[in-house]
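By convention in this document, chain letters (A, B, ...) are assigned in the order of the sequence lines, proteins followed by strands, and residues within each chain are numbered from 1.
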2 protein chains.
Amino acid sequence: MLSKKTQYALKALGYLAGKYGEGPVLISDISKIKKIPIKFLETILLELKQAGVLDSKKGKGGGYFLIESPKKTTLAQAIRLVGGPIALLPCVSINFYEKCKDCDEAVCGLNKAMKITRDATLKILEKKTLSELIDRADTFNL
Amino acid sequence: MLSKKTQYALKALGYLAGKYGEGPVLISDISKIKKIPIKFLETILLELKQAGVLDSKKGKGGGYFLIESPKKTTLAQAIRLVGGPIALLPCVSINFYEKCKDCDEAVCGLNKAMKITRDATLKILEKKTLSELIDRADTFNL
DNA sequence: AATTAAGTCTACTCATTTAATAGACTATTG
DNA sequence: CAATAGTCTATTAAATGAGTAGACTTAATT
């Protein structure tokens, strides 16, 4: 299961994807519509900005916005940006790999099974992009 | 990512699968070989017993053992037994479903994408069984 | 049969990580 | 310069992971 933080990040990105090209979006708007605790959302958006996906504008008329077209960022990338491993186990994670204390991976059945699972998951998440997160209720620009 | 608890459960089940038919296995053995904190492991094994996968024998010569052949239990079942959702989001989980506060699932892009991912994952985890978790180092009965 | 050793079972307590809240501070627009 | 909106720092709350102490059961030994 993805952490709350990652879930919120995906929802926020999906919302911003729907508003792409329409200028800055308020944190408070995202918070209200996507039902995300505003202070938690602040830190997530800041992190996504530092990661290079979002930019922001301060002051009146400010807000957050996607730097690139929603089609440029895959869901796999988005999940990893906020520190969310995609694999089910650390020992099969590509970006958050950690060796098991107890096992020799060459021989570990669990490792093998989970690698197959991971590959199936990645195959999907690396194809889908933020543009597919846009709710039909948010926009009609599809 | 699966919780530590679920990870430990899978490792323990894999070890017990390798010892299937050889009588009770000590908690302390599983703990040592699979590097699982022994007291944490106790609660996990107890839970698996109450769930009907394992049985135990008290006293001298006691321990835990699989009730049925390792081939009878799928990895998907095993993960769910210890309370581990397989899906990446609550709103696409079959056994631990929870509705999102903010979204209409019929229209939610995130929901749709994650359902596809879930199905791909389940397709694998519902085919593989505990017998595939047996390390080649644990046994030669393959 | 009584004793004892080997094992599971039950109930707390402590630590770490993850989530959520509050408020002060800084930059931008008009 | 006043109002708006993002940024930063600090604290609190909740969930998960891990550890401790001891009671209860069973089986082998004498």
May I have the distance from [X] (atom [atom1]) to [N] (atom [atom2]), rounded to whole angstrom?
X: A:Phe96; N: C:dT17; atom1: CZ; atom2: C1'; value: 16 Å
X: A:Ile38; N: C:dG23; atom1: CD1; atom2: P; value: 14 Å
X: B:Glu42; N: D:dG22; atom1: CD; atom2: C1'; value: 12 Å
X: A:Glu98; N: C:dT17; atom1: CD; atom2: P; value: 11 Å
X: B:Lys4; N: C:dT18; atom1: NZ; atom2: P; value: 11 Å
X: A:Gln50; N: D:dC8; atom1: CD; atom2: C1'; value: 11 Å
X: B:Lys58; N: C:dT4; atom1: NZ; atom2: P; value: 21 Å
X: A:Lys101; N: D:dA18; atom1: NZ; atom2: C1'; value: 11 Å

What contact category does [X] fall into here, base, sugar-phosphate, or nothing, at under 4.0 angstrom with non-hydrogen atoms?
X: B:Ser3; value: sugar-phosphate
X: A:Leu26; value: sugar-phosphate
X: A:Ile27; value: sugar-phosphate
X: B:Phe40; value: sugar-phosphate

Acceptor/donor pairs from residues 72-92 of chain B side chains to any protein atom, 3.5 angstrom cut, sequence neighbours excluded:
| unit_1 | atom_1 | unit_2 | atom_2 | d |
| --- | --- | --- | --- | --- |
| B:Thr74 | OG1 | B:Gln77 | N | 3.1 |
| B:Gln77 | OE1 | B:Thr74 | N | 2.9 |

### Message
Let me confirm one number: the CD1-NZ distance from A:Ile30 to A:Lys32, rounded to the nearest 0.5 Å.
### Response
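Reported to 0.5 Å precision, the distance equals 11.5 Å.
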### Query
In the hydrophobic clustering (ILVMFWY, side-chain contacts below 4.5 Å, transitive), which residues join A:Met1, or is it alone?
none
### Query
Quick one: do B:Ile134 and A:Ile116 end up in the same hydrophobic cluster if we chain Ile, Leu, Val, Met, Phe, Trp and Tyr together by side-chain heavy atoms under 4.5 Å apart?
no
Indicate whether OP1 or OP2 belonging to [N] is found under 4.0 Å from a side-chain N or O atom of [X].
X: B:Tyr64; N: C:dC9; answer: yes
X: B:Thr43; N: C:dC9; answer: no
X: A:Tyr8; N: C:dA19; answer: no

### Query
Side-chain donor or acceptor of B:Lys39 under 3.5 Å from a matching atom on the base of D:dG17?
no
### Query
So do A:Leu13 and A:Leu66 actually touch side chain to side chain, heavy atoms under 4.5 Å?
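The answer is yes; the side chains approach within 4.5 Å.
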### Task
Identify which nucleotide among D:dA18, D:dG6, C:dT29 has an atom closest to any side-chain atom of B:Pro37, counting heavy atoms from C-beta outward.
D:dA18
### Along DNA chain C (nearest heavy atom to each residue), the more 5'-positioned of A:Thr6 and B:Lys57
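The residue whose closest nucleotide sits nearer the 5' end is B:Lys57.
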